[in-house]
Structure formats: C-alpha cells, structure tokens
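What follows is one structure encoded as structure tokens, with my remarks underneath.
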Number of protein chains: 2
Amino acid sequence: MTTLKDIAKHANVSVATVSKYLSFDLAVKKETEARIQAAIKELGYVPNVVAKALKRKETFNVAVIVPKINNLYYSEITSGISQTLGKHQYNLFIYEVDQLHLDEDEILQLMRENMIAGIIFIGLFSDESFKESIRTVVGWEIPVVYANRYMPFDGFPLLYPDLVQASKLGTAYLASKGNSRIALVHKRLPDRLLDLFVEGYRQGIEEDREPLLVAIEEGVDYSQSIIPALVEHRIDGVFVLNELSAVYLAKAMAQANIRIPDDMAVLSLGNSLISQISTPELTCVDLQNRELGVRSAEIILSQIRKQPFEAVTVLEPFLVERSSV
Amino acid sequence: MTTLKDIAKHANVSVATVSKYLSFDLAVKKETEARIQAAIKELGYVPNVVAKALKRKETFNVAVIVPKINNLYYSEITSGISQTLGKHQYNLFIYEVDQLHLDEDEILQLMRENMIAGIIFIGLFSDESFKESIRTVVGWEIPVVYANRYMPFDGFPLLYPDLVQASKLGTAYLASKGNSRIALVHKRLPDRLLDLFVEGYRQGIEEDREPLLVAIEEGVDYSQSIIPALVEHRIDGVFVLNELSAVYLAKAMAQANIRIPDDMAVLSLGNSLISQISTPELTCVDLQNRELGVRSAEIILSQIRKQPFEAVTVLEPFLVERSSV
DNA sequence: TTGTATGCGTTATCAC
DNA sequence: GTGATAACGCATACAA
C-alpha cells in the first residue's frame, strides 16, 4: 500500500505539498507537478478515504434506512437515491429494518460509530415509523431526511407525494370515464391520511359527497369480504390505495365474473411493474418514487454541504392510462 | 465527541487499558471495570469505527455490485445478503451499475479507496459481466464472490443455481401433466447456458430428443412472433427461462384465446412476486435467490475471517405449483 | 511555492 | 493488571 509519504519521498517533495496538490489546495510548479504525477503513476497510489475521514471527521457515506429492499415500491426510491449519490461520489449504505435482527437503536448506534454523513429514512405510509429515531439522530446533528411519509413539518426535511392531488387525479379520471359510484379501498391507514384521500376525492368529483370507504384487513379473502361490499353498494369504480391490493382485487373480480372496467373500473395508487403486469393492465396514479429518491438524495447532500435546502418537498403525481378504467 | 482518552482520564486509567478492556483483550479488576463503565455511561462514549479501521487496516463494510436494484430477482438476493451481513455486524454498500454513471473501473477504485472488506458481484445470466473486474479485485487481494452466474471455477468463489436441475424439474413437471411437445423459450442466452437447459430438458422427458428452442429478441411483439411459432409446432407446454417473459407470454396467449394450461401450459423460471400476480398464476421453478444471497454473504465473511469456504456452491431449485401447468 | 509539525481516535508493542 | 508511546494515512496551521 503506497501512501502520500511514499509519493513525497519518490518525488522529492514534502507530504504536505503532495496532499495539498491532490486536493487542489495548492498551485505547484509545473516541474513538481510532473514529478508528483510520475510518482503517483509509478507507485500506483490509491488515496485512503478512511484516513481522510478520520482527519476530516466526515465520511462520504450516506445511509438509507428502508423497511424492505425486495419491494418494487421502495426499491424504486432507493434506486433514485443510489443514482444521485453515485453521481456525487457518495457511497450508499443500506439497512433493511425488516430483515436486520437489530432494532432501530442499534442501527442508529452503527450510524454514529461509522461517522455516517447523512441518513435517509424511507417511511411507511401506514404509520409514523422512524419518527423517534429521526429525533434522536437530529439531536446528534447528523443530516437527515424523511421520505415518503406525509406529516406536518417537524424540524427535519420531509419529502412526500401530494396525496390529495393523487386522490383527486384518480377520482376525477374515474368520474370522467362515467363512473359515478366510486369507492376508496385501502389497507389500514391512519385517519389523518385517509382524510387527505377523502379530500382529494371530493375535489375529484366536484361534489361534497363522501366516498364509500372499504378497509382491507390483514389476510382477508377479497372475494368473501371486499367484493360483496362493493357489489352491495353498487360501486362502479374503485380507487385502490395500494398497488398490490389493486392487483389482488382485480384478480378476485375476474373470478367473480365482474368485468373490468365495464362492470367495475379499477384504479391503483402506485405505478411499479406490477400494475403493468396485472390482467387487465391497471390504470394508475404514479407517485414518482424514483424522483422522490433523487430529491431525497439531493437534499441530504445539500445539508451535508451546508447549502440551503427545502424543508418540505411535495411531489406531483400523474395519471397513467392503461385498460382497467 | 468523547474519545477513549476522555474515558481514560475520567476513570483514572490509561487509554491502553480502556481500549484493551473494551476489546476483551484484558481482564481488569472489578473496581477498574466499574470505573470505566461509569465513565462510558456518564460521558456517552461512542466508539469510532473509522479510527479503528485506519489502525487495523480493515473495515466492516462489504460492497454488493448489482446490475439493477429495482428488480425483484436481484433485490431478493440483495435482501438475503443484507440480512446475513447485518447479523454479523457488517455494513452493506450497494452499487447499482446500471444507474451509476461511473464505469466499473471507477467503482473498483472506490472499493480500494474505502478499504472495503469484501465484494459480492451479482452477475447476469446472459453474459459474463464483471468477470474482468473480479480478476482485478482478486489481484488486489480483496475477498470476492461471484453470485448468480454459472461458469466453470476460475479462481474465485462461485455461487449459482443448478440450471440443469431447474430445467429437468420444470420439464418433468410439464411432462407429468400430459404435455408432450414442450418448447424452451428464452431471451438471448449464450450457448453454454442454453446447453445446460437442453441437457436438463432431456433428463426431464427421459428421452434423447431436442426441445424446440424459441428465442425472444429484444422488443418483439409476442403475439406476432412467439405465439405463431409455438402454434405452428403444435407445442402444448412452454418452459420460459425468464420470469417476466413468461408473464408477457401468458398475456399474449390470453389475447390469442389460447387457454392456459388446457391449450398450452406455461412454466416460468424464477419465483418472484410477479409469477404470483400473473393471470393465471404461474407454476414455476424457484431458484432460491434469497438463499443465494445468504450463502454469498456467508462465503464473503468466511474469506474475510480467513476461514475455509466452498469454492463452488450450487443451489438446488424446487418446483412451485400454481395454476398455469 | 514548499516544508515542519501536530493530531484525528484507535490499536498494538513494549515495558513495568 | 496497567501504562507509555508509537504508529495508521491524511490534512492543516504555521513557518520559511
């Protein structure tokens, strides 16, 4: 392993000169530059980022804490993060909380021990996961962003899709296709979030009417509980607030001989591969997950570099037409 | 930031004592132990892994180099790796070559600069991606494994599924369900791999007969080119060597009013969520991707710890019955 | 324009 | 059992 010292000796200059030259801190004479460059090439110098980090008290590593890696929803976000960090020469640590047997506190401990430059938390829709952890980390003055989870600003940068707009877009589209009795189907969701969707629904149908809300309990049989509820209320269009559930619901409809979209239209929230693969292919609202990742990374980088950044970033969803509405 | 030095001062012992005590190198007196523990608690000591790495010339970071993060096939492997590394207190760096604008050499350079403890390359089926990079890294004496890609042993540990067995399992299952004219449908694949699948096919049908091989070119319309070929040869069962292609093929069949499995059975290679979601749900051969990840991580750890490890690990696939065969 | 010296927080080698 | 002290590879304040 050749070090700065070796280069310095070989080039007949001091370590400081080489160090400064390499970090563009110092204009050296053409001649010294040549000698340094020659030494670097001859000896095959590889800078030691670890030593640099120790000295500078700062690494080039950013951590992403994510509920699940093997899930297209999250991995789209992660991929956006990876792309952006890579572009700026930052490395990406991934911690999958689901699989890791460590609890959150242990993970956070790891962050400090490793002098992580910043942490991106990717939250669940369904609860305020990580919120306490984020508070802790903020207390340590480590740059943080909280992505994917809607909540009022609480001192750390937030990024999430505009859920009201998403709901409005979806509902309006269903309505525009002649569906007048639209249900919102969702997995367990806190009231605060559900209210957002209901608000968007109202804006979408341009009337002051409440949608039928159907909750999917864990492990239910769609044909036993969801479908009958929809039929009973003579629903002609469903907006499913979870992509996978939309797929399963569409399957259950097919089994029950309900034609999509003629008997009932199905629109899903989220646009990963699975909406495309489903039969029929699902019309959906795209939440811009990749962009969410990209922006999260940008905000973390701004913080690390002590540049200004947005406290709250709201992503604008858009509609993707396929054949289920 | 409190350091060993602070602890030492506060506990009235030397840095060396604290260091050794904390790394279980030294049996200290009950009394000194108490004082050290008290100091650690009072001052809130957090060990500095970066300093440790510099001193020990070795980090606890393992890198995974993967073609694509947001792909269930790869992310299942990655998740297995993450789980296993986490269990052993190693951190996981992820580099997505597709998205990163860096080329492979730059990524490798990063590995050295960061004193990565080991690298797991996840290869493509379709070509010997990364092979040259791996050679380079081996030259640097960094522990390496090559996962997912079949090839003869070449000096570094290999892990891959038993493709012959996978093909045999699938073919035999198709045959057992009364399908006698079975085609192998695949995306571009090197001959060496294709031979493996053909070999498995032979073992599966227990006859010395060649299967019909249908190649899917990039961007083709399944109903225009693949389906007619299958119909023309009066195929009654297809084994699709790529999960996503299987889904698209099933879709195309439905459009062409070919009933699955009655007119034609479809079996896919790979068992991610998408086989389950497809209509009909696809019977498939599971390649054990998560287990592949787990074992890859174990082998990297063995290398890092200079323990013995398997040079070649072959994963045994198994059949998952659903309704497309 | 270049060099000297010090320290980042830890481990490891001695010595006591 | 415990303590000085010298590295690890680099950056930087201060000299020259």
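To find a chain, count down the sequence lines: A is the first, B the second, and so on, and within it residues start at 1.
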Within the 4.0 Å heavy-atom criterion, would you say B:Asp6 contacts the bases, only the backbone, or no part of the nucleic acid?
nothing
For nucleotides 9-13 of chain C, give me every protein contact, N/O to N/O, under 3.5 Å, one pair per line with atom names.
residue: C:dG9; atom: OP1; partner: A:Lys57; partner atom: NZ; Å: 2.8
residue: C:dT10; atom: OP1; partner: B:Tyr45; partner atom: OH; Å: 2.4
residue: C:dT10; atom: OP1; partner: B:Asn48; partner atom: N; Å: 3.1
residue: C:dT10; atom: OP2; partner: B:Leu4; partner atom: N; Å: 2.6
residue: C:dT11; atom: OP2; partner: B:Ser19; partner atom: OG; Å: 2.8
residue: C:dT11; atom: O2; partner: B:Lys55; partner atom: NZ; Å: 3.2

Can you tell me if the side-chain N/O atoms of B:Thr32 get under 4.0 Å from OP1 or OP2 in D:dT2?
yes
Qualifying salt bridge (Lys or Arg N to Asp or Glu O under 4.0 Å) pairs with a residue from residues 107-130 of chain B, counting only residues at least two apart or across chains:
B:Glu128-B:Lys131, B:Glu128-B:Arg149, B:Glu128-B:Arg192
Nearest whole angstrom, please: distance from the C1' of D:dA4 to the NZ of B:Lys9.
16 Å
Rounded interatomic separation in angstrom, taking CZ from B:Arg35 and C1' from D:dG3
13 Å
Write out all pairs satisfying side chain to side chain donor-acceptor pair (under 3.5 Å) with one or both partners inside residues 134-146 of chain A, taking only residues at least two apart or from two chains.
A:Glu132-A:Arg135, A:Arg135-A:Asp154
Rounded to whole Å, the OH-P distance (A:Tyr21 to D:dC10) equals 16 Å
What is the distance from CD of A:Glu31 to C1' of C:dT1, rounded to the nearest Å?
12 Å
Apply ring-ring contact (aromatic ring centres under 6.0 Å, His included) to A:Phe121 and list each qualifying residue two or more places apart in sequence or on a separate chain.
A:Phe130
Residues passing the ring-ring contact (aromatic ring centres under 6.0 Å, His included) test with B:Phe125, sequence neighbours excluded, are none
For B:Phe309, the ring-ring contact (aromatic ring centres under 6.0 Å, His included) test, sequence neighbours excluded, returns none
Side chain to side chain donor-acceptor pair (under 3.5 Å) pairs, two or more places apart, involving residues 14-32 of chain B
B:Ser14-B:Thr17, B:Tyr21-B:Glu33, B:Tyr21-B:Gln37, B:Glu31-B:Arg35
Sub-3.5 Å donor-acceptor pair from the side chain of A:Ser302 to the main-chain atoms of A:Glu298, do we have one?
yes
Heavy atoms of other groups near A:Phe153 CZ, more than 12 under 6.0 Å:
yes
So, OP1 or OP2 of C:dT4: does either fall under 4.0 Å of a side-chain N or O from A:Ser14?
no
Identify whether any heavy atom of B:Ala27 sits under 4.0 Å from a base atom; if not, whether one sits that close to sugar-phosphate; answer base, sugar-phosphate or nothing.
sugar-phosphate
Side chain to side chain donor-acceptor pair (under 3.5 Å) involving B:Glu42 - partner list, sequence neighbours excluded
B:His10
Quick check on the helix from C:dT1-D:dA16 to C:dC16-D:dG1: what's the angle between its two end axes, five base pairs per end, to the nearest 10°?
40°
Rounded to the nearest Å, what distance is computed from the NZ atom of residue B:Lys30 to the P atom of nucleotide D:dG1?
11 Å
